[in-house]
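One structure is given below, encoded as C-alpha cells.
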Amino acid sequence: MAELFVNGKSYGNRKRNSQNFPAAGLRWNVPMHKGTYTAIVVASKGARTIRDTIHFQYQTDVWAAPSVVTLEKIGEQNGIATIEAKVFDKNHVQCLDAKNWIHFGLAGDGKLIDDLGTSTGSKKVQMYNGRAIIRVHTNNGKSVASAKVDGLPVAFVSL
C-alpha cells in the first residue's frame with residue numbers, strides 16, 4: 001500500500017498491481033498550478049515502511065528563445081560537488097524545451113567527472129528540459145566551473 005502526500009495533503013492510498021498499467025496502479029490525479037511542490041510517497045508492506053521525497057517547481061509560463069545560461073552548485077557529498085546549468089529566456093523564464101549542446105569546463109584544484117558517456121558524466125552533453133548536470137571531484141580545494149552554450153554568454157560558479 002502506498003500513500004501520496006503533496007505539500008502536506010494526502011491524495012489517498014493505492015495498492016500496487018503489476019497488471020494495472022501504467023505504473024502498476026501507483027498513480028494519482030493531482031491538480032497542479034504554478035509553484036513549488038514537495039511530493040512524498042509512504043509505502044508499507046508488512047512491518048516494513050519506506051518513503052521517498054521529491055521537491056520540484058511546476059512552471060506554466062511561456063518562454064522565448066534561450067538568452068542566458070546559469071550555473072549553480074546544487075549539492076556536495078563526500079568531496080563530490082554537483083553543478084547544474086539551466087537556460088532562461090530574456091524574462092528569466094526557464095526554457096524547458098531547450099536541447100542545446102553545453103560544454104562544461106573547470107579550472108583549479110578539482111576534476112570534472114566526465115568521459116562516462118552519460119547525461120551527468122560528460123563535459124559536452126545535450127541539455128534536457130533546459131538543463132544539464134555534471135559532477136566534480138573537489139579535491140578539497142578551490143575551483144571555478146564554467147558552462148558554455150553556443151551563442152550565449154558563458155556562466156561560471158566557484159566551488
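- Rounded to the nearest 0.5 Å, atoms CG (N139) and NZ (K111) are 9.5 Å apart.
- Under a 4.5 Å side-chain heavy-atom cut-off, the cluster of Ile, Leu, Val, Met, Phe, Trp and Tyr residues that includes Y128 is completed by I74, I133.
- In this structure, I83 and L71 have side chains that are in contact, with non-hydrogen atoms separated by less than 4.5 Å.
- Distance check: M1 CE to L26 CG gives 10.0 Å after rounding to the nearest 0.5 Å.
- Proximity of L152 to V68: side-chain heavy atoms (C-beta onward) are nowhere separated by under 4.5 Å.
- A 6.0 Å sphere centred on CG of N17 holds more than 12 heavy atoms belonging to other residues, nucleotides or ligands.
- Taking the side chain as every heavy atom from C-beta outward, L159 and V136 approach each other to under 4.5 Å.
- The stretch residues 1-23 participates, sequence neighbours left out, in no salt bridge (charged side-chain N to carboxylate O under 4.0 Å, His left out) pair at all.
- For the atom pair C95 SG and M127 CE, the distance stands at 9.0 Å (nearest 0.5 Å).
- Contact detail for V87 and P66: the closest heavy-atom pair is CB-CB, 4.2 Å.
- Proximity of N100 to Q126: side-chain heavy atoms (C-beta onward) are nowhere separated by under 4.5 Å.
- Between V69 and A147, the shortest heavy-atom distance links the atoms CG1-CB, 4.1 Å.
- Judged by distance alone, with hydrogens and angles left aside, the side-chain atoms of T49 form no donor-acceptor pair with the main-chain N or O of S44 at under 3.5 Å.
- Applying the side-chain hydrogen bond (donor to acceptor under 3.5 Å, both in side chains) rule to pairs touching residues 65-80 yields K73-E76, sequence neighbours excluded.
- By the side-chain contact (heavy atoms from CB on, under 4.5 Å) test, V41 pairs with A2, L4, sequence neighbours left out.
- Residues V42 and I54 fall into different hydrophobic clusters, defined by Ile, Leu, Val, Met, Phe, Trp and Tyr side chains chained together at heavy-atom separations under 4.5 Å.
- Partners of T53 by side-chain contact (heavy atoms from CB on, under 4.5 Å), not counting sequence neighbours, listed by chain and number: T38, I40, H55.
- The main-chain N or O of V93 is never found under 3.5 Å from a side-chain atom of N91 such that the two would form a donor-acceptor pair.
- One finds the CD1 atom of I102 at 12.0 Å from the OG atom of S122 (value rounded to the nearest 0.5 Å).
- At a threshold of 4.5 Å between side-chain heavy atoms, the hydrophobic network of Ile, Leu, Val, Met, Phe, Trp and Tyr places I80 and L106 in two separate groups.
- Sorted by first then second residue, the ring pair (Phe, Tyr, Trp, His ring centres under 6.0 Å) pairs that include residues 86-123, not counting sequence neighbours, are F88-H92.
- Within the structure, the salt bridge (charged side-chain N to carboxylate O under 4.0 Å, His left out) test picks out no pair touching residues 96-110 (sequence neighbours left out).
- Applying the salt bridge (charged side-chain N to carboxylate O under 4.0 Å, His left out) rule to pairs touching residues 22-47 yields K34-D61, sequence neighbours excluded.
- The side-chain contact (heavy atoms from CB on, under 4.5 Å) check on P31 picks up Y11, H33, with sequence neighbours excluded.
- Scanning for side chain to side chain donor-acceptor pair (under 3.5 Å) contacts around T120 gives R135, with sequence neighbours left out.
- Residues in residues 123-133 take part in these salt bridge (charged side-chain N to carboxylate O under 4.0 Å, His left out) pairs, two or more places apart or across chains: E84-R131, D114-K123.
- Atom CZ of F56 is surrounded by more than 12 heavy atoms from other residues, nucleotides or ligands within 6.0 Å.
- Applying the side-chain contact (heavy atoms from CB on, under 4.5 Å) rule to F156 yields the partners V144, S146, V154; only residues at least two apart in sequence or on another chain are considered.
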